[in-house]
Enquirer: 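Quick one: structure below, then a few questions.
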Amino acid sequence: MHSVIQRVAAIHDLSGFGGGSLSAVIPILSALGIQVCSLPTAILSTHTGGFSNFHFRDLTSDMRHIIDHWRQLSLSFAGIYSGFLGSPEQIDIVTDFIKTFRTDSTLVVVDPVLGDDGKLYDTMDRSMVDGMRSLVASADVITPNITEAALLLSKAGPLAISGTEEIKAWARALSDLGPRCVIITSVPAEHGKGTSVVAFDKDANRFWKVACPYIPACYPGTGDIFASVITGSLLQGDSLPLSLDRAVQFVSMAIRATFGHNFPEREGVFLERVLPSLNAPVSMSSFELI
């Protein structure tokens, strides 16, 4: 069953409140002209960052039924994009999904959701790290934050990046696991405050960097927003550095639109305020070759 517009199989959880996950993936990719076919991994009353007593329903068994029906329909996808996975079994399901539905032209993006701020999320354990390390081998593009990059590379101890050459070595080592493009977010600035995004294109043997403006706030869901813009931009035909620019600028705009208000950080950014800007030309290219 073919479509006149590009389809993406989005394999993420769905949080009823707080933004992120499919609540961000669907509007972002839709705004970029891409049809989202949702394959939910779990349903939560809220996301897990800053909320307690949330309801969590695992959808592992439902995933298999959804995939079987899609297979019967002979669905095809321009992209396969996975995020939060709740168990090693789900990792196996996604790996099989990629094998089944991938074609020579399919873009496979894996956001290896494992942890942040130097530690695993509460719902993750070492078996998930091992499983995710196997899953990224099936990806074309991966988008770990600096903590997830360290976990995938089995780096022990506090995170400490000595400089540009070390993060480049990390990116190259991650590409050796399988993906042809590695994008590491939340890389600490070498001097002062702020972070940057560093990417490695294995085919071109090039490293790219985009600096992220410092804003003293931490909103959940921005990683999902970033990876969704990357996925949509690449499917639209943008180059890797331009996709980085679009994603960084969009996330920064969403944070700025939210930060000036007296608004709880755990509720996420005002995504709806900035969605119309997604298809605007990139106002200023800030990527650099490193």
Enquirer: Under 3.5 Å, is there a donor-acceptor pair linking the side chains of Thr143 and Asp111?
Expert: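 Their side chains do contain a donor-acceptor pair, which is all the 3.5 Å distance test asks for.
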Enquirer: Do side-chain atoms of Thr147 reach the backbone of Gly118 as a donor and acceptor pair under 3.5 angstrom?
Expert: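 Such a contact is found between Thr147 side chain and Gly118 backbone.
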Enquirer: Any donor and acceptor pair, going by atom type alone, linking the side chain of Asp140 with main-chain N or O of Val108 inside 3.5 Å?
Expert: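 Side chain of Asp140 to backbone of Val108, a donor-acceptor pair under 3.5 Å: yes, one is there.
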Enquirer: What orientation do Phe97 and Phe77 show, parallel under 30°, tilted 30 to 60°, or perpendicular over 60°?
Expert: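 Judged by the thresholds at 30° and 60°, the geometry between Phe97 and Phe77 is tilted.
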Enquirer: Do Thr258 and Arg273 have a side chain donor and acceptor closer than 3.5 Å?
Expert: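 Checked: Thr258/Arg273 side chains show no N/O donor-acceptor pair below 3.5 Å.
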Enquirer: Tell me which one of Ile93, Val94, Ile11 satisfies side chain to side chain contact (heavy atoms under 4.5 Å, CB included) with Ile67.
Expert: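 Answer after filtering Ile93, Val94, Ile11: Ile93.
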Enquirer: Would you say the side-chain atoms of Glu148 pair up with the backbone N or O of Leu114, donor to acceptor, closer than 3.5 Å?
Expert: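 Confirmed, Glu148 side chain pairs with Leu114 backbone.
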Enquirer: Measure from the side-chain N and O atoms of Asp224 to the backbone N and O of Ser21, and report whether any donor-acceptor pair falls under 3.5 Å.
Expert: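 Pair found, side chain donor or acceptor close to backbone of Ser21.
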Enquirer: Is there a donor in the side chain of Thr231 and an acceptor in the side chain of Ser228, or the other way round, less than 3.5 Å apart?
Expert: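 On atom types as modelled, these side chains do not qualify, holding no pair under 3.5 Å.
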Enquirer: Do Tyr121 and Phe84 pass the ring-ring contact (aromatic ring centres under 6.0 Å, His included) test, and can you show the C-alpha distance, the side-chain angles, and the key distance before you say yes or no?
Expert: CA-CA 11 Å; Tyr121 292 131; Phe84 173 84; 8.2 Å; no
Enquirer: Between Leu14 and Arg57, is any pair of side-chain heavy atoms under 4.5 Å apart?
Expert: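 Side chain of Leu14 against side chain of Arg57, heavy atoms only: no contact under 4.5 Å found.
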Enquirer: Would Glu267 and Tyr219 satisfy side chain to side chain contact (heavy atoms under 4.5 Å, CB included), going step by step from the backbone distance to the final call?
Expert: CA-CA 8 Å; Glu267 296 185 18; Tyr219 295 100; over 6 Å; no
Enquirer: Are any of the side-chain nitrogens in Asp96 or Arg64 under 4.0 Å away from the carboxylate oxygens of its partner?
Expert: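 Looking at Asp96 and Arg64, the cut-off is not met.
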Enquirer: Are Tyr81 and His12 an aromatic pair, judged by ring center distance below 6.0 Å?
Expert: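 Aromatic pair counts; centres sit under 6.0 Å.
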Enquirer: Does the pair Met63 and Thr41 meet the rule for a side chain to side chain contact (heavy atoms under 4.5 Å, CB included), with working shown?
Expert: CA-CA 7 Å; Met63 290 174 68; Thr41 60; 4.0 Å; yes
